[in-house]
Amino acid sequence: MPSPSAAIAIPRCDLGGAVEQIDLEAQNRGYIAQVVLPIFSTPTNTGTYPVIPIAQLLQNRNLLRSPRSGYSRGSITFSEEAFCTTEYGIEEPIDAKETRLYRNYFDLELIATKRAVNAVLGSAEHRMVTALTDPAVITQTGAALAPWSDPIAAAPLDDFATARYIVWSSTGIWVNAVVMSKRTFLNLRDCLQVIDRIRNNSNYRVLAGEMTPEMMASAFDVERVIISDAAKNAAREGQPLSVASAWPDSKVLVAKLATSNDLREPCLGRTFHWAEDGSQPLGTIETYRDEQVRAEIVRVRHEVQEKVTYPKAGYLITAV
């Protein structure tokens with residue numbers, strides 16, 4: 001008896017649109033991996049890219065020209081770093097019988113897609129957080145003067161000033177972002193030092209609990225305060241649920257993030273993305289039929305590598 005023909009995966013742009021309509025866009029769900037480490041699209045899945053040593057960027061050169069002589073010419077020497085993207089993906093089966101049993105209650109295909117997208121984005125978030133909160137990677141760290149959860153004693157602006165100047169003294173670059181968890185942000189909304197700074201900056205009364213990320217960015221004097229609102233189950237598989245912030249509440253990152261698509265720009269890091277195999281940064285959604293289990297299979301996948309390029313462009317404030 002002939003076996004069924006091989007299943008063909010079909011890209012599902014319609015499911016991608018439906019997912020966005022139910023608020024599954026990465027930033028709206030609190031995922032920040034591709035905000036902190038912006039996407040760089042690469043034509044190959046492995047290779048090298050140029051890195052300009054900080055010493056070369058800051059080198060003072062002799063530009064004096066004598067009559068009838070040539071001008072001094074730059075001779076910046078690049079170092080090379082390697083990258084290699086990896087494919088990440090997951091499949092969710094949609095059983096034919098269950099589809100008919102529950103079709104009057106909910107759309108199983110949409111729910112399966114939501115679960116798969118969550119898994120892909122959550123995995124990227126975990127990899128980003130693991131790299132950027134590891135003191136072996138971000139070696140510039142320091143403890144907060146007082147817990148940021150104490151609205152009276154906390155001195156987050158002093159802690160930030162220390163971090164900013166250490167990054168500058170290491171790189172000659174001013175930071176442009178502060179990254180924290182939602183719980184840390186909520187604590188800072190009640191912090192007297194932050195409230196006073198915003199009042200002085202804006203010349204109007206700001207009540208505790210009213211400030212926005214944009215107002216807090218003005219207090220820190222950076223372009224952005226980036227808030228991680230994603231959650232994770234911190235318990236091991238099979239253990240009782242333990243909900244925790246994807247970005248640890250005990251750490252705040254002060255950093256210079258990429259502002260362009262130029263790999264020569266000194267910044268904390270990027271997400272290398274290879275699209276030639278059909279990958280999309282937030283996940284390609286595909287479906288195919290598996291007759292052996294009588295189910296439609298939803299697959300979500302992408303091919304990326306999260307890469308820290310200038311570790312000294314970041315500083316971790318700990319135990320906040």
Side-chain angles (χ1 to χ4, degrees), residues 1-34 39 41 45-46 84-130 228-246 271-306:
M1 183 175 181
S3 59
S5 60
I8 299 175
I10 303 171
R12 293 294 300 275
C13 296
D14 58 320
L15 279 177
V19 166
E20 290 180 2
Q21 291 176 16
I22 59 172
D23 195 26
L24 270 178
E25 294 178 350
Q27 294 183 41
N28 290 340
R29 289 189 46 80
Y31 293 117
I32 61 171
Q34 295 179 12
I39 289 291
S41 296
N45 71 324
T46 184
C84 182
T85 61
T86 300
E87 185 174 17
Y88 300 93
I90 191 170
E91 293 184 339
E92 287 279 348
I94 308 167
D95 185 88
K97 182 176 181 179
E98 290 180 341
T99 299
R100 290 173 173 80
L101 284 173
Y102 304 121
R103 63 187 174 189
N104 292 329
Y105 304 97
F106 42 74
D107 186 334
L108 275 179
E109 186 177 54
L110 201 55
I111 290 174
T113 303
K114 176 178 179 179
R115 283 168 50 87
V117 170
N118 276 337
V120 168
L121 296 181
S123 176
E125 197 80 1
H126 175 73
R127 296 191 301 272
M128 179 273 296
V129 170
T130 298
S228 170
D229 195 16
K232 67 176 182 179
N233 181 4
R236 294 184 178 181
E237 188 171 356
Q239 298 299 311
L241 173 66
S242 176
V243 178
S245 301
T271 299
F272 286 84
H273 173 243
W274 185 54
E276 292 300 311
D277 193 30
S279 171
Q280 295 181 16
L282 298 181
T284 297
I285 301 172
E286 302 166 326
T287 61
Y288 67 92
R289 180 73 178 179
D290 186 346
E291 282 298 341
Q292 188 170 2
V293 294
R294 218 162 60 85
E296 290 289 331
I297 310 297
V298 174
R299 175 196 296 147
V300 178
R301 61 182 177 88
H302 66 175
E303 179 141 348
V304 296
Q305 184 194 13
E306 296 79 11

[X] to [Y] - nearest heavy-atom pair and separation:
X	Y	value
A124	H302	CB-CE1, 4.3 Å
A33	T271	O-OG1, 4.4 Å
E92	A112	CG-O, 3.5 Å
V300	A116	CG2-CB, 3.5 Å
A246	V129	O-CG1, 3.4 Å

query: Would a 4.5 Å heavy-atom cut-off, applied to side chains only, mark V120 and I90 as touching?
result: yes
message: Is the shortest side-chain heavy-atom distance between Q34 and L282 below 4.5 Å?
response: yes
Mind checking what makes salt bridge (charged side-chain N to carboxylate O under 4.0 Å, His left out) contact with [X], not counting sequence neighbours?
X	result
E125	none
R299	E91, E286
E87	R301

- prompt: Checking T284 side chain against Q280 main chain: does a donor-acceptor pair fall under 3.5 Å?
  reply: yes
Drop me the distance from [X]'s [atom1] to [Y]'s [atom2], to the nearest 0.5 angstrom.
X	Y	atom1	atom2	answer
T287	I94	OG1	CD1	8.0 Å
L121	I32	CG	CD1	12.5 Å
W274	S41	CH2	OG	12.5 Å
E291	E296	CD	CD	8.5 Å

field: Full working for side-chain contact (heavy atoms from CB on, under 4.5 Å) between Y31 and N118
entry: CA-CA 10 Å; Y31 293 117; N118 276 337; 3.7 Å; yes
- prompt: Of H273, E303, Q305, E306, which meets side-chain hydrogen bond (donor to acceptor under 3.5 Å, both in side chains) against T85?
  reply: E303
